[in-house]
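These notes concern the structure reproduced below.
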Amino acid sequence: MSSESPQDLLKLAVEVAEEAARLIVERRRGTITVADTKSTVTDVVTAVDRESEELIRARVLQARPDDSFLGEEGDDVAGTSGVRWVVDPIDGTVNYLYDIPTYAVSIAVEYDVETVAGVVVDAPKGEVFTATKGGGAFLDGQPIQVSGCTELSTALVGTGFGYDPGRRRIQAEVVQQLITEVRDIRRIGVGALDLCYVACGRLDAVFERGLNPWDYGAGVLIAAEAGAAVGGLNGAAVSPEMSIAASPALFGAFHDLLAATDPLRA
């Protein structure tokens, strides 16, 4: 491990994430406009996304100048310490743009490619989800755990949709197959919070294609440390191809249902 423990890295991550969360909430009191688009015209970036990421990068690299940095909106920074910060400065930008008060700052800290610390701050609510590798998961400092749901028929499931119309069509087909097999489906619009909601039992399972490392880096660690089973399809790790998190007793049946209904399955 580096000269600092996962707990030390988490402490810095929380301080920086909370500062960024205060910034974006304050900026939302003004007028928010689209600064740019990414994959499609509906995949938006605001000037505040960039301002938040610049703040996080500056704070992190001031404290740890030898670390690497991967942010959603800016250029990668290569370091020499083996530690990399993976950052989503506003997860839920469309919610943010429309003033729907559910969006988050997500920071994962990796060492030698393994995520060892993570924080997700629900900016409007002020909730702080945290975890360190092997150290458990917490909400506002209190331990959290998954719901323990065992039956698909009673599972509340979260998901999200990509911005490419072709991918959305496929995702809609999957949801059409799932909706009769589970209690209900939620689309919150914040991938990091979906994973944290599994961690604290507000959702029983989540799945999504197209999440990026900055979307799921912290959330996957938080969910796993809260007792969730996490992975992709057919034994793969979580990746942009697929992310699944669920209560352990639910994971197998939920995975098999997704694998059977996913039009992109091998």
Side-chain angles (χ1 to χ4, degrees), residues 1-21 49 52-91 104-122 128-139 144 190-196 198-199 206 208-232 235-245:
M1 188 58 211
S2 70
S3 59
E4 292 189 61
S5 68
Q7 290 74 20
D8 292 327
L9 295 170
L10 180 64
K11 183 175 184 293
L12 176 60
V14 170
E15 290 172 359
V16 175
E18 289 181 331
E19 184 178 357
D49 285 88
S52 176
E53 184 165 311
E54 288 165 4
L55 181 153
I56 296 167
R57 183 170 58 245
R59 295 287 189 271
V60 166
L61 296 181
Q62 181 181 33
R64 298 184 56 86
D66 297 328
D67 290 356
S68 302
F69 188 94
L70 173 64
E72 180 176 10
E73 311 303 344
D75 295 331
D76 299 352
V77 176
T80 58
S81 66
V83 174
R84 183 172 77 153
W85 298 72
V86 182
V87 171
D88 194 335
I90 304 178
D91 192 14
V105 176
S106 175
I107 301 178
V109 192
E110 299 174 347
Y111 180 68
D112 282 351
V113 193
E114 180 182 43
T115 303
V116 296
V119 56
V120 176
V121 179
D122 182 328
V128 181
F129 296 88
T130 58
T132 53
K133 183 72 174 177
F138 300 84
L139 168 55
I144 52 175
V190 189
L193 285 178
D194 283 344
L195 290 159
C196 291
V198 168
V206 296
E208 188 166 351
R209 275 191 179 272
L211 290 181
N212 290 297
W214 46 82
D215 298 310
Y216 63 70
V220 163
L221 177 67
I222 292 165
E225 287 295 326
V230 299
V238 170
S239 75
E241 285 299 308
M242 178 63 84
S243 60
I244 307 169

(Q) Between Glu53 (side chain only) and Glu73 (backbone N and O only), is there a donor and an acceptor less than 3.5 Å apart? (A) yes
Q | Considering all heavy atoms, the nearest Gly191-Leu211 contact | A | CA-CD2, 4.3 Å
Q) What are the two closest heavy atoms between Ala108 and Gly217, and how far apart are they? A) CB-C, 3.6 Å
Q. Is it true that a side-chain atom of Arg209 and a backbone atom of Glu241 form a donor plus acceptor pair closer than 3.5 Å?
A. yes
Q | Minimum side-chain heavy-atom gap Trp85-Val16 below 4.5 Å | A | no
Q) Mind checking whether Trp214 and Val87 have side chains closer than 4.5 Å, heavy atoms only? A) no
Q) Donor-acceptor pair, Asp194 side chain versus Val206 backbone, under 3.5 Å? A) no
Q.
I need the Ile107 CD1 to Thr130 OG1 distance, nearest 0.5 Å.
A. 12.5 Å
Q: Mind listing the closest non-hydrogen atom pair of Ala218 and Gly118 along with its distance?
A: CB-CA, 3.9 Å
Q) How long is the span from the CG atom in Asp215 to the CG atom in Leu193, to the nearest 0.5 Å? A) 11.0 Å
Would you be so kind as to tabulate the donor-acceptor pairs closer than 3.5 Å made by side chains of residues 220-228, with sequence neighbours excluded?
{"unit_1": "Glu225", "atom_1": "OE1", "unit_2": "Gly134", "atom_2": "N", "d": "3.4"}
{"unit_1": "Glu225", "atom_1": "OE1", "unit_2": "Gly135", "atom_2": "N", "d": "3.4"}
{"unit_1": "Glu225", "atom_1": "OE1", "unit_2": "Gly136", "atom_2": "N", "d": "2.9"}
{"unit_1": "Glu225", "atom_1": "OE2", "unit_2": "Gly134", "atom_2": "N", "d": "2.7"}

Q: Flag the pair Tyr216 / Pro240 as yes when at least one side-chain heavy-atom distance between them is below 4.5 Å, and no otherwise.
A: yes
Q: Check the pair Val109, Leu10 against side chain to side chain contact (heavy atoms under 4.5 Å, CB included), reporting the backbone distance first and the verdict last.
A: CA-CA 8 Å; Val109 192; Leu10 180 64; over 6 Å; no
**Q.** Point-to-point distance, once rounded to the nearest 0.5 Å, from CZ of Arg84 to OG1 of Thr115
**A.** 8.5 Å
**Q.** Residues which pass side-chain hydrogen bond (donor to acceptor under 3.5 Å, both in side chains) with Arg59, listed by chain and number, not counting sequence neighbours
**A.** Glu19
Q.
Using modelled atom types and a 3.5 Å cut-off, is there a donor and acceptor pairing between side-chain atoms of Ser243 and backbone atoms of Glu208?
A. yes
Q: For residues Ala245 and Val198, report the shortest heavy-atom separation together with the two atoms involved.
A: O-CG2, 4.1 Å
Q. Rounded to the nearest 0.5 Å, how far does CD of Gln7 lie from CG of Leu12?
A. 13.5 Å
Q. With side chains defined as the heavy atoms from C-beta onward, is the minimum distance between Glu72 and Asn212 less than 4.5 Å?
A. no
Q: Nearest 0.5 Å please: distance from the SG atom of Cys196 over to the CG atom of Leu139.
A: 8.5 Å
Q.
Are the side chains of Ile56 and Val105 in contact, using a 4.5 Å heavy-atom criterion?
A. yes
Q) Which atoms form the tightest heavy-atom contact between Val190 and Ala104, and what is the distance? A) CG1-CB, 4.1 Å
Q.
Show the nearest heavy-atom pair for residues Ile90 and Asp88, with the distance to one decimal.
A. O-OD1, 3.1 Å
